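Accompanying notes for the structure given below.
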Amino acid sequence: MTSRREFLGYTGALAAAVGTGTTAVSATQSSAPTKPQGYQPVRTLNGWTLPYTLKNGVKEFHLVAEEIEHEFAPGTVAKCWGYNGSTPGPTIEAVEGDRVRILVTNCLKEHTTVHWHGILLPSGMDGVGGLSQPHIKPGETFAYEFTLKQHGTHMYHPHADEMTQMAVGMMGMFIVHPKQTDQLPVQRDYCFLLHNWAVHPGTYRPDPSILQDFDLWTFNSKVFPAIEPIVAKTGERVRVRIGNLSMWNHPIHMHGVQYTVTGSDGGRWPKSLWRPETTEIVGVGQVRDIEFVAVPGDWAFHCHMAHHTMNAMGHEIPNMLGVNQRGIEKEVRELLPDFQAMGEFGMAEHQDHVDMGHHTGPENTLPMMSGQGPYGNIEMGGMFTMVKVRDKLAANDYSDPGWYSAPEGTVAKRISSDPNFGNPLRRARNRDA
Amino acid sequence: MVKQLFMSLCLLLVMFGCASLPEDLGKSEVDEYLGERGRAVPSPGDRSEPISRPLSVSDAVQIAMLRSPTLKAQYTRLGLTAAAVYSGSRIRNPILDFANLNPNRGPDQNRETIAIVTTLSDVFTLKARTRLATLEWNLEKERIAADILMTAAQVERAFYDYVGAQQIARMRGQIAKAGDISYRMAQRYRKAGNLNARDLALEKAAAAELALSAKQAQMDAVGKRRALADLLGLSLEEAWSTETSLLKPPEDEDSLDELLSLAETNRLDLQGASTQVALLEDRLKVTGWTRILDEVELGYEYEEESDGTIFQGPVVSWRPPVFNQGKDQILEQRAEYQHALFDMAQLKIQIDNEVRMGFAAIQNIKEQLVIYEEALIPATVEAAQRAQEQEAFMLIGIFELLQTKIQEYEARQRYLEALRDYWVTKTELTRTVGRVLPSTLESEPVAISLEAFVGSPTEGSKHKHHHNHPQDAGESEPDVHHDHGEKP
């Protein structure tokens with residue numbers, strides 16, 4: 001018997017289609033109607049959802065593996081590899097029970113395959129080159145076809161020259177919505193992939209040979225401040241699906257709420273397994289779904305590894321903290337006119353210097369930290385974005401609502417500029433004295 | 001009687017007159033050789049004032065020509081040769097014999113004997129000897145001029161060595177300064193607790209190495225100054241200086257054919273070898289007939305006996321070549337003549353090869369200079385600039401930045417060494433060709449300023465208009481950081 005979801009899914013696809021072979025669902029997310037196919041479509045941060053064509057009851061998707069030009073944030077572009085013009089590739093969305101056919105055309109100069117990470121399917125569709133199937137040679141198109149027997153948040157990525165192809169951006173999200181309606185439906189559903197890149201300063205192509213010392217840490221191949229915010233209306237239930245195809249585990253932290261970890265690529269967990277957290281480690285190869293009820297404000301949402309919220313920085317530079325360079329700085333400038341001493345009191349001044357144009361960095365390289373907020377420099381990069389919740393926000397409105405205007409009396413305020421103010425208790429180093 | 005003898009002698013002197021010597025003993029001819037080859041000898045008045053301005057290379061050569069005892073000593077050889085010309089172009093003095101012998105008995109008168117003898121063979125050989133002596137004199141003038149040209153080339157080489165050494169000493173000084181700054185910065189890092197003792201020691205050692213290198217370069221410059229001073233005939237104590245910049249080489253160089261042609265006509269040692277061959281050939285011919293003649297003496301003797309009998313008349317003595325026809329002289333002189341021929345042939349080959357080698361060396365060093373100017377220097381400059389960008393974005397630290405700057409300086413130093421090598425090679429080619437080269441005379445090279453190499457202090461700083469930054473103040477300034485662009 002056809003479920004209501006399935007019925008709505010077919011009619012939704014047919015309503016937009018003109019004969020077979022035409023795009024059934026628009027690729028533009030902002031105009032997509034809520035739940036045309038019986039589920040809340042996922043919003044891919046900075047990304048998009050791949051449309052399908054319904055052919056004889058099979059949802060046919062078409063991925064194209066190719067080299068692309070990708071902007072991590074204004075100031076850094078690179079020659080990456082992705083799918084259908086983007087990295088990560090477009091999100092594939094389907095419903096548990098769907099028969100899907102995914103065509104993969106290889107426009108790379110070497111062979112490839114696609115592995116459907118965490119999806120239960122026949123061995124020959126698993127996408128491991130040489131093991132499951134012959135490699136897809138340049139110019140060839142292969143068809144993967146299987147029935148989705150599960151729901152959950154999944155990923156897809158190459159399994160041929162995997163280290164290289166993933167390192168330069170080939171990956172995407174694969175969301176399988178449950179057949180049955182969610183017991184606790186969400187009003188907004190977001191997804192993004194965690195990844196890391198070695199785009200060495202001054203270069204224009206990621207280096208796949210780097211296994212640890214990365215320069216850029218991304219949400220959906222973007223760095224702060226170019227990562228779209230997660231927007232929601234106050235009181236909405238929001239899901240964020242996070243997949244990790246980077247080389248590190250990431251403790252993903254959200255300010256303002258205790259979210260609940262509700263699922264993985266094993267599907268939405270039974271409620272008894274849900275965990276309240278404010279930080280959840282998403283391990284390499286893992287997916288985690290987190291859900292929360294939106295509270296008003298602008299909330300930081302980021303990996304809690306501090307260097308993952310920075311862009312490229314030298315990892316073996318001498319420690320400048322506490323180093324008095326007064327006097328000698330002028331002597332250095334006699335040899336190097338553009339030299340500017342910094343770091344004695346911390347690295348916060350670096351953003352000011354960069355923003356004022358005092359520091360010119362290497363070509364095609366983002367500064368270590370940037371971003372302006374309503375109260376000053378945010379001093380972040382990498383895996384950092386915001387959850388922006390407003391009392392008034394239309395259902396389909398995913399646009400950036402600007403800065404939060406905090407109600408009177410709810411912003412931390414200065415009460416003294418005197419460093420000797422008050423009489424705070426301090427602990428002496430030698431307590432026996 | 002005596003009067004008749006005297007008159008006969010005077011007649012001989014008039015008939016067989018001697019060659020006369022110029023007052024300057026041939027110096028003007030030597031100077032003419034030099035002038036023809038681009039080394040005009042200055043008059044003493046040209047450089048009578050004290051040395052007040054930095055010397056150019058041509059100044060140095062001129063001063064050497066006027067003041068160098070070594071150069072002046074070359075001219076004294078003219079006197080030695082002139083002496084040979086003088087004696088060679090004259091007849092030996094006659095021998096005047098007089099005897100007044102007393103008898104040992106009776107009232108007999110003393111016996112008087114007067115004789116005058118001259119070497120007749122000197123008369124026969126006078127013309128040939130005069131000719132040979134003149135050839136010897138010409139040969140010596142050529143040799144003296146060649147040696148002066150050699151010394152002039154040595155002066156030029158010493159000049160370029162000295163200027164180059166000064167520039168290199170300054171570059172090493174700049175490099176040592178960068179190393180010193182790096183070490184003192186390391187001390188600041190150590191004081192802040194951010195650098196371990198080993199790394200500080202390594203920085204100190206590196207700075208010390210650079211300082212030593214600078215000191216050695218300074219001493220090398222002193223040594224080069226001394227070498228130049230010796231050649232110029234100046235004291236190290238005197239306050240003189242040279243231009244401090246080497247010149248950029250001229251665009252166009254002399255062609256190989258031109259150099260070979262110039263060498264053939266200007267090398268005075270080659271000309272001297274030819275004169276030597278001509279001299280030995282002539283001497284061989286002269287010996288060919290004089291060995292038969294040997295020594296012939298002609299005289300007149302007057303003898304008055306004690307009884308008043310007078311004996312007088314001519315006397316002749318001659319050693320006929322009965323047992324020895326002087327073949328030993330012929331053999332020896334023929335061997336010398338043939339040896340001189342081979343020496344000249346070898347010298348021609350040597351000169352030809354030297355010119356070709358010099359031409360190749362000039363081409364090669366100019367190609368090296370192009371690589372420095374178009375590749376290495378711009379690349380090291382860019383590397384330092386890009387390193388500054390990386391340091392500004394905290395991608396590298398100050399020590400790596402300074403090291404990149406040192407690499408730029410070291411590349412510039414090697415360029416200066418190559419530039420010096422060019423001028424030294426050019427000087428050597430000048431010596432090889434035997435005259436100042438047309439390319440040197442026609443060009444107006446541009447000086448390469450060392451200031452452009454070591455950079456200007458604060459030009460280009462993007463920070464100069466920034467409001468007062470605590471980092472610019474002295475160490476005694478309060479330790480408060482000025483917040484940049486704090487928003488309300």
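By convention in this document, chain letters (A, B, ...) are assigned in the order of the sequence lines, proteins followed by strands, and residues within each chain are numbered from 1. Bear in mind the structure is a predicted one, so any value in this text is a computation, not a measurement.
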State, to 0.1 Å, how close B:Ile181 and A:Val332 come at their nearest heavy-atom pair, and which atoms those are. CG2-CG2, 3.5 Å

What is the distance from atom CD1 of B:Ile398 to atom CG of A:Leu336, rounded to the nearest 0.5 Å? 6.5 Å

Which bit of A:Gln351 is near chain B, if near means a heavy-atom gap under 4.5 Å: side chain, backbone, both or neither? neither

Between atom CD of A:Glu316 and atom CG of B:Leu395, what is the distance when rounded to the nearest 0.5 Å? 13.0 Å

Residue pair B:Lys191, A:Asn324: steps toward the side chain to side chain contact (heavy atoms under 4.5 Å, CB included) verdict: CA-CA 9 Å; B:Lys191 190 175 177 185; A:Asn324 176 357; over 6 Å; no

To the nearest 0.5 Å, how far apart are CD in A:Glu331 and CE in B:Met185? 9.0 Å

Distance in Å, A:Met369 CE paired with B:Met394 CE, rounded so as to fall on 0.5 Å steps: 6.5 Å

Rounded to the nearest 0.5 Å, how far does CD of B:Gln385 lie from OG1 of A:Thr360? 11.0 Å

How long is the gap from CD on B:Glu391 to NE2 on A:His359, to the nearest 0.5 Å? 7.0 Å

State, yes or no, whether a side-chain contact exists between B:Phe393 and A:Pro201 at a heavy-atom distance under 4.5 Å. no

Would the distance check show the side chain of A:Asn319 and the main-chain N or O of B:Asn194 forming a donor-acceptor pair, the cut-off being under 3.5 Å? no

For A:Pro318 and B:Gly397, the nearest pair of non-hydrogen atoms, with its separation, is CD-CA, 3.5 Å

So, do B:Tyr189 and A:Met320 sit near enough that their side-chain heavy atoms are less than 4.5 Å apart? yes

Report the C-alpha separation of B:Glu389 and A:Asp338 in whole Å, then their side-chain angles, then the decisive distance to 0.1 Å, and conclude whether the side chain to side chain contact (heavy atoms under 4.5 Å, CB included) test is met. CA-CA 9 Å; B:Glu389 289 173 353; A:Asp338 291 332; over 6 Å; no

B:Gln388 vs A:Phe339 side-chain heavy atoms within contact, under 4.5 Å: yes

B:Lys204 NZ: over 12 foreign heavy atoms closer than 6.0 Å: no

Okay, side chain of B:Arg386, backbone of A:Glu363: is any donor-acceptor separation there less than 3.5 Å? no

Near B:Glu209 CD, under 6.0 Å, is it more than 12 heavy atoms from other residues, nucleotides or ligands? no

A:His350 to B:Ala392 - nearest heavy-atom pair and separation: NE2-O, 2.6 Å

If you tally heavy-atom pairs under 4.5 Å against chain B, which of A:Gly361, A:Pro419, A:Gly314 wins? A:Gly361

